[in-house]
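Take a look at the structure set out below.
Just so you know, these numbers use all the heavy atoms, side chains as well, and skip hydrogens, waters and symmetry mates. Both counts, for ligands and for their atoms, begin at 1 and track the order of listing. Positions are given from 1 along the sequence.
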Amino acid sequence: MKEIVSTKEMLFNAMKKGYAVPAFNIHNLETIQSVLETAAKLGSPVILAGTPSTIEYAGGDYIVAIAQAAVKKYDIPIAIHLDHFEDPKEIIKYLDMGFKSCMIDASLESFEENIRITKDVIKYAHGLGATVEAELGRLGGQEDNIVVDDENAAYTDPKSAVEFVERTGIDSLAVAIGTAHGLYKGEPKLDVERLKIIRKLISIPLVLHGASDVPDEMVKRTIEYGINKVNVATDLKIPFANAIKKYFNEHPDANDPRKYLTPAKKTMMEVVRHKIEVCGSASRV
Ligand code: 13P
């Protein structure tokens, strides 16, 4: 029987072959459908990600059930991922529910504390065959309730990254190389030289957070230099909201969710198709 998978195999395949698997932050049935229908059509492995407040909003059990229905329907590897979870107890709760991939985000803690917390999560997650991502360095911007202002953002130090990966045994590493969550004030400046060095030193998949609003060519360059998972939230949320606003502007008396959500889904599908193309993950299954 087909099952929800961890991100282990899909990210290792991406690392071996030099592409990235897109991870889309989803919020409800419609975003999940838009992502999965498009990924299935294009033959792309895909990750559905949810931050703590999203999982609480949508219901972890509902997300697991929808993903289980989808794995039966589509012939692509589908992972559901806990994104930016800071509380190990919450991670354990949702891994027990059926999530097979998580990010423990202890990047705001000290180096030693980050290692300790991450190792604790890994012990539990690996026992269930689930994969663990962790972050070293600190990404600017806001994701969920985590806010990091410009002065507190910090790039990933390559040497510390090697020690972090060796001592924790994580499955993938989120690197801070100049991207930020949400929209950018100017053109983002990415430190791809730093990424190149990290890639040379580390042999597990690398993750790019904050990929929305980054020019396609820049994202492609990070993939060329070693990124294997690209996280997209804002670039899906804004067109979704805009399509609904447009529908209501044109149909002020509308009230049928099937009517106003259908153009929103179409708009999201186009974004998903485009991101899959940028990631180079089509026809990889
Ligand atoms: P964006 O909202 O910038 O796409 O960031 C998404 C992200 O990194 C989720 O972890």
Side-chain angles (χ1 to χ4, degrees), residues 7 11 20-27 31-32 34-35 46-58 63 79-87 90-91 94 99 101-108 118 131-150 153-156 170-190 195 205-216 218-220 222-223 227-242 267-268 270-272 274-276 278-279 281:
T7 52
L11 292 186
V21 177
F24 295 101
N25 282 73
I26 48 81
H27 298 92
T31 44
I32 296 177
S34 305
V35 170
V46 75
I47 300 165
L48 302 174
T51 56
S53 56
T54 297
I55 305 287
E56 202 186 304
Y57 163 80
I63 292 181
I80 44 175
H81 173 79
L82 304 166
D83 192 30
H84 288 288
F85 272 63
E86 294 178 290
D87 181 355
E90 287 287 293
I91 291 184
Y94 292 118
F99 282 77
S101 176
C102 65
M103 174 195 196
I104 172 69
D105 186 353
S107 63
L108 297 183
T118 302
T131 34
V132 180
E133 171 185 328
E135 177 173 325
L136 193 65
R138 249 172 272 125
L139 232 74
Q142 172 161 12
E143 186 58 69
D144 213 14
N145 299 324
I146 305 174
V147 185
V148 177
D149 50 33
D150 287 352
Y155 284 35
T156 306
I170 46 167
D171 301 287
S172 57
L173 177 71
V175 290
I177 55 163
T179 53
H181 291 118
L183 298 177
Y184 294 81
K185 287 181 203 110
E187 169 128 317
K189 290 192 181 56
L190 305 193
L195 173 61
L206 299 177
V207 180
L208 186 72
H209 280 252
S212 291
D213 200 26
V214 178
D216 292 345
M218 270 191 204
V219 176
K220 283 186 183 167
T222 68
I223 296 168
I227 288 294
N228 312 113
K229 172 174 176 267
V230 169
N231 287 11
V232 177
T234 309
D235 273 355
L236 209 52
K237 273 196 295 195
I238 292 178
F240 182 30
N242 284 347
T267 307
M268 281 192 287
E270 183 44 36
V271 175
V272 172
H274 182 71
K275 297 290 180 188
I276 287 175
V278 170
C279 284
S281 61

Counting distance only, does the side-chain N/O of [X] pair as donor-acceptor with the main-chain N or O of [Y] below 3.5 Å?
X	Y	value
Asn228	Leu206	yes
Ser107	Leu136	no
Ser101	His81	no

Quick one: look up the protein heavy atom nearest [atom] and list residue, atom name and how far away it is.
atom	result
atom 9 (C) of ligand 1	Asp83 OD2, 3.1 Å
atom 2 (O) of ligand 1	Thr234 OG1, 2.5 Å
atom 4 (O) of ligand 1	Ser212 OG, 2.5 Å
atom 8 (O) of ligand 1	Gly210 N, 2.8 Å
atom 3 (O) of ligand 1	Gly182 N, 3.0 Å

For [X], atoms of ligand 1 separated by under 4.0 Å from a heavy atom:
X	answer
His84	10 (O)
Asn25	9 (C)
His181	3 (O), 5 (O), 6 (C), 7 (C), 8 (O), 10 (O)
Ala180	3 (O)
Val232	4 (O)

Part of Glu143 with heavy atoms under 4.0 Å of ligand 1, whether side chain, backbone, both or neither: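 Side chain only; the backbone of Glu143 stays clear of ligand 1.
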
Around Gln142, counting heavy atoms of other residues, nucleotides and ligands shown, do more than 12 lie under 6.0 Å from its CD?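 Yes, CD of Gln142 has more than 12 neighbouring heavy atoms, counting only those of other groups under 6.0 Å.
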
Of Val271, Thr267, Thr31, the residue whose pairing with Phe240 passes side-chain contact (heavy atoms from CB on, under 4.5 Å):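 Between Phe240 and the candidates, side-chain contact (heavy atoms from CB on, under 4.5 Å) is satisfied uniquely by Thr31.
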
Identified side-chain hydrogen bond (donor to acceptor under 3.5 Å, both in side chains) partner of His209 from the options Asp105, Asn231, Thr179: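 So, applying the side-chain hydrogen bond (donor to acceptor under 3.5 Å, both in side chains) to His209 and each of Asp105, Asn231, Thr179, only Asn231 qualifies.
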
Whether the Asp216 and His274 side chains hold a donor-acceptor pair (N or O, under 3.5 Å, no angle test) is what I'd like checked.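 Yes, His274 and Asp216 have a side-chain donor paired with an acceptor closer than 3.5 Å.
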
Verify the distance criterion only: is there a donor paired with an acceptor across the side chains of Thr54 and Thr51 at less than 3.5 Å?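 Yes, because at least one side-chain N or O of Thr54 sits under 3.5 Å from a partner of the opposite role on Thr51.
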
